[in-house]
Structures are given as structure tokens and as C-alpha cells.
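First up is the structure itself, then whatever we jot down about it.
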Amino acid sequence: MQEVVAPRGQTLGGHELTAWMTRALNQGPQPVQGFAGFLQNDWDAVVNCLTLPWSSGAIEGQVTRIKLIKRRSYGRASFALLRTLVLAEPP
């Protein structure tokens with residue numbers, strides 16, 4: 001996320017996002033204005049993304065892996081087999 005809104009080679013903290021948002025909404029081209037407006041819908045999550053050290057990437061990866069296993073065995077597997085496949089395949 002920081003790579004999207006920060007100038008190249010710099011980092012942008014959550015506290016600096018307000019100034020960027022104002023500039024983007026007032027002076028930015030139409031696609032940037034739309035992106036900035038979209039960010040306003042979930043403002044707290046955007047600020048937390050830029051300021052907190054935590055990431056949900058590992059969880060999202062596991063969810064994607066489980067969905068892939070589920071799709072692969074759709075229509076052919078019972079819940080017991082699905083459970084075995086999820087537990088048997090390493091992350």
C-alpha cells in the first residue's frame with residue numbers, strides 16, 4: 001500500500017495520509033480522485049495498514065490454500081477427506 005501513495009524511495013506514514021488524501025481529491029486526475037474516494041470508505045483500515053507492523057498476509061495465504069484444496073476436490077470428497085487433505089498438506 002505504501003508503494004502506491006508514496007513517492008519513489010520514500011515511505012508514507014498514516015499521519016501523512018490526510019495531506020495526500022486532500023491533494024488527491026482536490027488536484028489529482030480523475031482515476032486518482034476515485035482511488036482516494038475509495039480509500040475514504042475504510043479510512044481506519046488504511047491508516048492502520050500504513051502505521052502498524054502487523055500483516056494478515058500469512059492468514060490470507062492459508063485461506064487461499066484451503067480454498068484451492070476445496071475446489072480441487074469439489075463434488076468428489078466428503079468433509080472427512082477434505083479435513084485430511086487440509087491437515088496433510090504442508091503450508
Side-chain angles (χ1 to χ4, degrees):
M1 176 69 184
Q2 289 183 5
E3 293 82 18
V4 174
V5 296
R8 192 168 271 196
Q10 296 180 5
T11 59
L12 182 65
H15 58 281
E16 298 166 326
L17 187 61
T18 305
W20 179 88
M21 182 73 71
T22 304
R23 280 195 324 272
L25 289 171
N26 295 333
Q27 303 168 2
Q30 186 63 31
V32 174
Q33 289 178 356
F35 177 67
F38 178 75
L39 291 180
Q40 285 181 327
N41 293 337
D42 203 4
W43 184 253
D44 291 336
V46 172
V47 171
N48 289 340
C49 171
L50 294 171
T51 56
L52 298 177
W54 300 294
S55 171
S56 63
I59 300 299
E60 294 297 331
Q62 292 299 322
V63 169
T64 302
R65 182 180 71 86
I66 291 170
K67 285 182 179 181
L68 177 65
I69 294 169
K70 186 177 169 185
R71 280 189 211 112
R72 205 172 51 201
S73 59
Y74 182 75
R76 294 179 281 162
S78 64
F79 179 75
L81 180 58
L82 176 63
R83 182 177 184 276
T84 303
L85 290 172
V86 168
L87 296 175
E89 289 189 20

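Small disclaimer: the values here were computed from a predicted structure and weren't measured.
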With a 4.5 Å limit on heavy-atom distance, are the side chains of Val86 and Arg65 in contact? yes
Taking side-chain contact (heavy atoms from CB on, under 4.5 Å) as the test, write out the residues that go with Leu81, two or more places apart. Ala77, Ser78, Leu85
When the side chains of residues 22-35 are checked against the rest of the protein, which donor-acceptor pairs come out under 3.5 Å, sequence neighbours left out?
{"unit_1": "Thr22", "atom_1": "OG1", "unit_2": "Thr18", "atom_2": "O", "d": "3.0"}
{"unit_1": "Asn26", "atom_1": "ND2", "unit_2": "Thr22", "atom_2": "O", "d": "3.2"}
{"unit_1": "Gln33", "atom_1": "NE2", "unit_2": "Leu25", "atom_2": "O", "d": "3.3"}
{"unit_1": "Gln33", "atom_1": "NE2", "unit_2": "Gly28", "atom_2": "O", "d": "2.9"}

Give a yes or no on whether Leu87 atom CG has more than 12 heavy-atom contacts from other residues, nucleotides or ligands under 6.0 Å away. yes
Applying side-chain contact (heavy atoms from CB on, under 4.5 Å) to Thr64 and not counting sequence neighbours gives none
Any residue meeting salt bridge (Lys or Arg N to Asp or Glu O under 4.0 Å) with Arg83, in chain and number order, not counting sequence neighbours: none
